[in-house]
Structure formats: structure tokens, C-alpha cells
Amino acid sequence: MPRDHLQSAERSASAAAADRSRPDAGRPAADGAEAPFLELLARGAAAEAYEQPVLLARAEGRPAERIAALERAKLLALRVRSEIEGRRRTEAELSALFETAHDLAGLRDLDAVLRAIVQRARSLLGTDVAYLSLNDPERGDTYMRVTEGSVAARFQQLRLGMGEGLGGLVAQTARPYVTDDYFRDDRFQHTHSIDSGVRDEGLVAILGVPLTLGDHVIGVLFAADRRSRVFEREQIALLGSFAALAAAAIDTANLLAETREALSGLEWANEIIQDRSAVIERASDVHDRLAELVLRGGGVHDVAAAVSQVLDGTVEFTEAPAAPAQALESSRAEGHAVRHGDDWIAAVAAGDELLGALVLRGHPGLDPVDQRTLERAAMVTSLLLLARRSAAEAEQRVRGELLDDLLDARDRDPRLLRDRATRLRADLDATHAVLAARLEGGAVDADQEADARRRLWAAASHLAATRHGLAAARDGGTVLLLPLTPGDTATGLARRTARELGTAVHEPVTVGASAPVGRLLARPDTVASAYAEARRCLDTLRLLGRAGDGSAAEDFGFLGLLLAGERDIAGFVDRTIGGVVAYDERRGTELLRTLDAYFACGMSPARTKDELHVHVNTVAQRLDRVGRLLGDDWQSPERALEIQLALRLHRLSGVTQPPPGQH
């Protein structure tokens, strides 16, 4: 992203912060409170520096109102700083991925493009070393073409015989290979010269992917670490995509070399070369457009639209199941766009994984360079999909880890938990509901069940990210922590979540929700207790035959106690008459004793006053207080039954009533 775009983003973020801090935005004005923090933002100060204005004000004995205003301004400034940093990181990731595509569009120096590919592969995979080797057909061996991060001269000058070392295994099989401990791996042929070079460099874990043109392996792209490391499948696929870009660069360079040779040897080829030049200019134009689109935050359909304009046709991105299967597989295997009737199909792939296809409609006659333009657009599309998938999965993992820590928060620092939540735009001080979700589709085998659980977790993570909540896989299902909006209920949230998750995974999903909980960090077991309540609600739904539905624990009352596996007696009593119990404890009154007598006397105030030996007005006053504590509907048949059960359970729990006469 250009610097002026970043500065514009910073100004926009600062302006948004200023708007949110206006008095009419719901906060009192703070005369001059924002000024020191705006100066810190302007000079890009570290996060720790934002505490200084508050500490200075306290040291100077400023009024509490001034210090509170500084605290609000500090939090707002830190949010603005976090947003700016996030945009900078996004700019760096997109630039690293798509500058390579831009380099290919204006390819002039093959070595420069290959160096850029190796450098960006090393940066994105976070390895100590990255290098690229090419086959030498004349000498019958392989040599190092580009290295990045290497410090050993012997390693940089290595020449490998065909079939030797890990690279030889990759070249022979045309498949990626990875080893987490090179010297202990006996799958490939070790030689003294190769092992010495690797030992000089200090390499331990090595990943190699082939550079292929058609069916031929022309070299290998490596990423290596000086410590033991397990490369993930996404990282292998990403390195494979860079290898495809490197092969495309070599192929393009060879094409340009052939063109120059034809120009020097054949005068009559001038017209053909002129036509070819126009096509190459179109290719350069499309890659410039692609780079610009991606840096502006465009999607795969924007890429297809840009290629459509340059190729003067209709280009569409389709999911893999919707594309012609045979043509798609041929394109993936050959690494080129293939003709299918009057259309052209270019596979969008990451390694062996098919992500979709770019389809050029109604264009049977296609220039080879235009064909390569379509192919490179497919490569850019695959990089875009991989980058966004990696970013989404990383955020999902971070959100899941935070929720796991909240569920097991006994040994966690609440301040650190709150800071982590703030970075994820989650407010742990807001009112939330904890939801337990589980699939109801019958899986045929363990693999299908595991895949279904992964899909549920992915859908729940996406839902949590869009609602500023958290999600994690747990106990064979998924747990979500979602904020409640004003006017919303835990029941409504549970039902919506069940519908949305079921639609996303194409299977029924049952969701149980806890009662609303606030101040999640007030007690270490707050989230864990709410999760236990949500699971009991989930079990109750399934026992009642309501699989695929959503509900909250408070909907079932004492029925939830009867049906749940682990009966939360204390929780039921607290939800039902907790307000009355707390009032008696604070005031020394006899509301509980009055309630017992009232129900025992058939809900007759006259008989109740005789039982308690008080005036009937006293009974009426006490019952009026009960109504204000429990709600106007406390004498309805359903509520009255639950209150009587809660009173009985409260007595059975061993809690004694306060002696008469203390109110």
C-alpha cells in the first residue's frame, strides 16, 4: 500500500477516534485530555508511553474527573494505534504476496525475479534460509541458482548429482518432501559433499517443492531452518505456489529469449513480434491491475473482472465442484490453462489442493501469451485465497485460545486476558451468553465425524468473529461466547445461532445457552460455570427431542434440574429466589419465612398473618417487596411452582432462616 494511503488510513482512524470522543457520542468532553495522546500517535510512540500522561496527572494531584478523562482518552488512543498497526501489517502481507505477481508482469531480469521469490518465500514462511536450485542438462546435475539467508560459502556453491539429497528425491518424484531432521532421515541418498554443505550451514529442517514446466521438473525451491520444525500443510502449499511462480518466471524468460532469437534471425517475423508485443502489454496491464486490486482489498471476483477487460472476454471464478472435472484436473496436472469446448479452464490450486478455477467463456482462439496471462491470474487468485485463509485461521486460533483461557482462568491474569480481548475487539465487560453447540447429523465413521466437527468449528469461529465474540472446540462440540445486544435475550441468541450454524454446515445443530452473564473477569470461574449451564441446557434439549433447536437454561426452570445430568441446585435456587435471599441477608428481614407461610396457607394473606402472628398489612407489605424483587408474575402458576420448589431446596440445603423479629 503506498505511503499516502497509509497516512490517509491513519488520519481516518484518528478522525474516527475524535468523533467517538465528542460529547454527543455518549461521553463527556475532556478539555485537552486528548492532546498528549494525539502527540504520541503522531510520533508513533510505543504502547507503554500512553501511560505517562495519566501517571503524570496523578503525580500532580489532578482532580479525579481529569484523570478519568485522561484514562478514556488513553484507551481510545490505544484503539486507534492498534487499528493503524493492523493496517500496516495487512499492507506488508499483501505487498509480499502480490509484488511477485507484479514482478512477473514486467519481467526484465530473471535473476531479480527469482531472488524476490526466494526472499518473499523465506519471509512468509519465517525460515532461516531459502534457496532455489535449477537443473543443468549439459552437466547432468543441479546447481544453486539463488540463496537467501545462507552464510556458508560451500553450501552456496553446491552442485548435486541427479537423485542425490532431498532435492534429488523431490526432482525424481515431482512431489514436495519435508524432513524435520535432515541427518536422521534415510528416505534419500546422503553424500559427503551435500551433507558437508548442509552441516556447514547448520540446517536441520528442510522443505523442498518442485519447479515444474509441464511434466518436467526443472529445479527445486527450498525453505530450511537451523532447528527442528514441522511444516504445516498450508505452508507447503504456499511454497508450492511460489515454486509455480518461479517456474512461470523461468518459462517467461525462456519465451522472451526465444522471441529475441527469432527477431535476430528472421526479418519476416517482425509483424508477428509486433502482435506478440501487444499481447505482452496486455499481460503487463492485467498484472498491474491485479496488484492494484489486491492492495486495495479486492477479491477473487474483482480479479476475474480485471482479466475479462484485458482479454476482451468473460472470465469467471467458480468453485471446484462447479467446474468441468476432467478439464480442471488436466489444468492442475499440466500447470496450464486447457481448452474445454469454446472455453478455457485455468485451475486455481495450492499444491495438490484444488481451490477453484478461472473460466474464460466463449473464446476458442487464445494467444499463448493471453493463455499464460489467464494462468498467472489463476496463480494470483490462489495466493489471494491462501493469504486470506491463513489470516482467518490465525485469527480463529487466537480467539479459540483466549476462550480456552477464560474457561480455565483460575491461574490467568485478568489484565492480560482483557488486553488480549481488546486486540480482538471483544469487550469482556459487556453482557454475554455462553453457548454450547453440537452437530446432530449421524457420521458414518470417525473421519467423517472429525470433518463435521471441523466444519462446525470453522462456522462458529466465523460467526464469533463477525459478532465480536469468541469460539473454541471443546467436549466434542463447539463453545461460543457472544455479546448480547440491547433488547436481545439468551434464548433468541441461541435460536439464531442454531439456525445460522445449521445453514453453514448443512446439518442440524443444537445450541444451549447460559443465562446472561456480565463482568466475565469478576470471578475466575464465571465463564466455566456459564459453560456448564449451557451444556446442561444442550443435554435437556436433546432429552426433550428438540435436536437442531436452540434455547437458554432459563427457559426450562426446574425442568432443567430434573432432566440435566448434573443438577445445578444452587444455580436454580439463586436464579429463582436469589434476590429475596440476598435481601433477607442484607436487611435481616423475614421475606423467605413469609413466602413459606404464604404458600403453606394456600396463598391467603389473612391466614398467613395468623400463621406469622403479624398484622395483615405487614404481610401485604412483605409480599409487595417480594413482587418487586421477583417480578410482577411471581404468583403465576408456573412461577409459583418454581418458587415453592426453590424454597424447599433452599431449606434442604441447610441454610437456616433468620430468627423472627429481626426486621
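This one's a predicted model, so the numbers in the text were calculated from it and none came from an experiment.
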When rounded to the nearest 0.5 angstrom, what is the spacing between [atom1] in [X] and [atom2] in [Y]?
X      : Y      : atom1 : atom2 : result
Glu611 : Asp596 : CD    : CG    : 10.0 Å
Thr526 : Arg519 : OG1   : CZ    : 9.0 Å
Leu630 : Ile643 : CG    : CD1   : 5.0 Å
Leu70  : Tyr50  : CG    : OH    : 14.0 Å
Glu590 : Leu612 : CD    : CG    : 7.5 Å
Leu480 : Ser461 : CG    : OG    : 8.0 Å

Checking the side chain of [X] only, and the main-chain atoms of [Y] only, is there a donor and an acceptor separated by less than 3.5 Å?
X      : Y      : answer
Arg455 : Val505 : yes
Thr466 : Leu463 : yes
Gln52  : Ala49  : no
Arg453 : Ala473 : no
Arg575 : Ala515 : no
Thr540 : Arg536 : yes

Looking only at heavy atoms, which two atoms of [X] and [Y] are closest? And how far apart?
X      : Y      : answer
Thr608 : Thr594 : CG2-O, 4.3 Å
Pro36  : Pro53  : CB-CG, 3.8 Å
Ser514 : Ala530 : CB-O, 3.3 Å
Pro483 : Gly469 : CD-CA, 4.2 Å
Ala513 : Ala490 : CB-O, 3.9 Å
Ala471 : Trp457 : O-NE1, 4.3 Å

Ile67 and Arg58: side chain to side chain contact (heavy atoms under 4.5 Å, CB included), yes or no, with the steps? CA-CA 7 Å; Ile67 293 175; Arg58 287 175 176 161; 3.5 Å; yes
Quick one: salt bridge (Lys or Arg N to Asp or Glu O under 4.0 Å) pairs with a partner in residues 598-609, sequence neighbours left out? none
Kindly write out the residues that satisfy side-chain hydrogen bond (donor to acceptor under 3.5 Å, both in side chains) with Asp429, not counting sequence neighbours, or none if the list is empty. Arg418
Stepwise side chain to side chain contact (heavy atoms under 4.5 Å, CB included) check, Trp634 with Val580: CA-CA 12 Å; Trp634 72 276; Val580 177; over 6 Å; no
Taking the side chain as C-beta and beyond, is there a heavy-atom pair between [X] and [Y] under 4.5 Å?
X      : Y      : answer
Leu41  : Arg81  : yes
Arg438 : Arg535 : yes
Tyr598 : Arg622 : no
Leu493 : Leu435 : yes
Leu520 : Leu481 : yes
Asp549 : Arg495 : yes
Arg587 : Arg625 : no
Leu629 : Leu591 : yes

Whether Glu71 and Lys74 form a salt bridge (side-chain N of Lys/Arg under 4.0 Å from carboxylate O of Asp/Glu) is what I want to check. yes
So does Arg66 pair up with Glu60, basic N to acidic O under 4.0 Å? no
Exactly one of Leu75, Leu76, Val54, Val80 should register a side chain to side chain contact (heavy atoms under 4.5 Å, CB included) with Phe37. Which one does? Val54
State whether a side-chain donor-acceptor pair under 3.5 Å links Glu642 with Thr576. no
Looking at Asp632, I'd like to know if its CG atom is crowded, meaning that more than 12 non-hydrogen atoms belonging to other residues, nucleotides or ligands lie closer than 6.0 Å. no
Take Thr497 and Leu482, measure what side chain to side chain contact (heavy atoms under 4.5 Å, CB included) needs, and give me the verdict at the end. CA-CA 10 Å; Thr497 303; Leu482 299 179; 4.0 Å; yes
